[in-house]
> 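Sharing a structure here in structure tokens format.
The first residue of the sequence shown is numbered 1, and numbering continues consecutively from there. The analysis underlying the following values was restricted to heavy atoms, covering all of them including side chains, and did not include hydrogens, waters or symmetry mates.
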Amino acid sequence: VEGTLLYTGFLKSQDLQGTAFFELWCHPAEGNPAFVRGLPRRVAGTSDWKPQELSFSQPDACRNPASVELNVVIQGAGTVWIDNLRLWDVPVE
């Protein structure tokens, strides 16, 4: 990975009593992992498909990772759907 990692996708919920959102973890070969959460784009209750986008605001936090992990954090009972996940390597300008 030479640029910034960008995850995109969609979330939809039904009867979700809490909230759900993306969480992106970056695990470097050495050092501590870094993460970012998509709290502003969370879904709750019953919602239609909502676009999600998650990246690191500090590109160096996730440059040349050993692994990348995308989680969907679901806080509360209900149903959550995930669709059209994509991982992008956005070049540094």
Side-chain angles (χ1 to χ4, degrees):
V1 175
E2 296 296 325
T4 299
L5 289 178
L6 171 66
Y7 247 115
T8 61
F10 291 85
L11 287 177
K12 178 181 175 177
S13 61
Q14 181 176 345
D15 300 326
L16 182 57
Q17 295 173 7
T19 61
F21 52 88
F22 280 177
E23 177 182 77
L24 178 60
W25 281 84
C26 182
H27 301 275
E30 295 181 12
N32 296 321
F35 75 95
V36 63
R37 289 183 164 172
L39 294 174
R41 298 177 185 262
R42 59 186 160 204
V43 294
T46 297
S47 69
D48 202 359
W49 290 108
K50 186 171 185 179
Q52 306 292 310
E53 184 175 293
L54 201 53
S55 67
F56 286 91
S57 59
Q58 297 175 327
D60 288 339
C62 196
R63 186 145 316 161
N64 297 320
S67 67
V68 176
E69 172 185 343
L70 178 70
N71 298 318
V72 176
V73 178
I74 302 171
Q75 301 172 321
T79 304
V80 175
W81 291 273
I82 307 160
D83 195 19
N84 205 27
L85 290 178
R86 293 179 188 236
L87 177 61
W88 305 87
D89 179 12
V90 180
V92 175
E93 295 180 11

> Can you confirm whether more than 12 heavy atoms, excluding those of Trp81, are under 6.0 Å from its CH2 atom?
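More than 12 within 6.0 Å, yes.
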> About how many Å separate CD of Gln75 and CZ of Phe21, when rounded to the nearest 0.5 Å?
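CD of Gln75 is found 4.5 Å from CZ of Phe21.
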> How many angstroms lie between CZ in Arg37 and CD in Glu23, if you round to the nearest 0.5 Å?
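Answer rounded to 0.5 Å: 4.5 Å.
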> Is there a continuous path of hydrophobic side-chain contacts, each under 4.5 Å between heavy atoms, that joins Trp25 to Ile74?
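No, Trp25 and Ile74 fall in different hydrophobic clusters.
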> Can you tell me how far the CG atom of Asn84 sits from the OG1 atom of Thr8, to the nearest 0.5 Å?
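Asn84 CG to Thr8 OG1: 6.5 Å, rounded to 0.5 Å.
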> To the nearest 0.5 Å, what is the distance between CD (Glu53) and CH2 (Trp88)?
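With rounding to 0.5 Å, CD (Glu53) is 10.5 Å from CH2 (Trp88).
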> What are the two closest heavy atoms between Leu5 and Ser55, and how far apart are they?
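Residues Leu5 and Ser55, closest heavy atoms: O-CB, 3.1 Å.
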> Return the minimal non-hydrogen interatomic distance between Ala20 and Leu11, and the atom names on each side.
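Looking at all heavy atoms of both residues, the shortest contact is O-CD1, 4.0 Å.
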> Give me the atom names and distance for the closest heavy-atom approach of Pro51 to Arg41.
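Heavy-atom minimum between the residues: O-NH1, 3.8 Å.
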> For residues Leu16 and Ile82: do they belong to one hydrophobic cluster (side chain heavy atoms under 4.5 Å, members Ile, Leu, Val, Met, Phe, Trp, Tyr)?
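Result: yes, single cluster for both.
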> For the backbone of Gly45 and the side chain of Ser13, can you confirm whether one donor and one acceptor N or O come within less than 3.5 Å of each other?
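Confirmed, Ser13 side chain pairs with Gly45 backbone.
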> Quick one: CD on Gln52 to CG on Leu70, what's the gap to the nearest 0.5 Å?
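Rounded to the nearest 0.5 Å, the CD-CG separation comes out at 9.5 Å.
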> Treating Ile, Leu, Val, Met, Phe, Trp and Tyr as nodes and any side-chain heavy-atom pair under 4.5 angstrom as an edge, say whether Val72 and Leu87 lie in one connected cluster.
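Same hydrophobic cluster.
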> Have Gln17 and Asp15 got a donor and an acceptor in their side chains that come within less than 3.5 Å?
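Gln17 vs Asp15: no donor-acceptor pair found between side chains.
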> Do Phe10 and Tyr7 sit in the same hydrophobic cluster, where Ile, Leu, Val, Met, Phe, Trp and Tyr count as joined when their side-chain heavy atoms come under 4.5 Å apart?
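No: no chain of side-chain contacts under 4.5 Å links Phe10 to Tyr7.
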> Nearest 0.5 Å, please: how far is CG in Leu39 from OG1 in Thr19?
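Thr19 atom OG1 to Leu39 atom CG measures 7.5 Å (nearest 0.5 Å).
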> With distance as the sole test, does Lys50 use its side chain to make a donor-acceptor pair with the main-chain N or O of Arg42 at under 3.5 Å?
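Flag set: sc Lys50 to bb Arg42 pair under 3.5 Å.
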> State plainly whether one hydrophobic cluster holds both Val73 and Phe35, where clusters connect Ile, Leu, Val, Met, Phe, Trp and Tyr through side-chain heavy atoms under 4.5 angstrom apart.
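No, separate clusters.
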> Closest approach of Pro65 and Cys26, non-hydrogen atoms and distance?
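Residues Pro65 and Cys26, closest heavy atoms: CB-SG, 3.4 Å.
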> Quick one: does Trp49's side chain get under 4.5 Å of Val43's, heavy atoms only?
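A side-chain contact under 4.5 Å is absent here.
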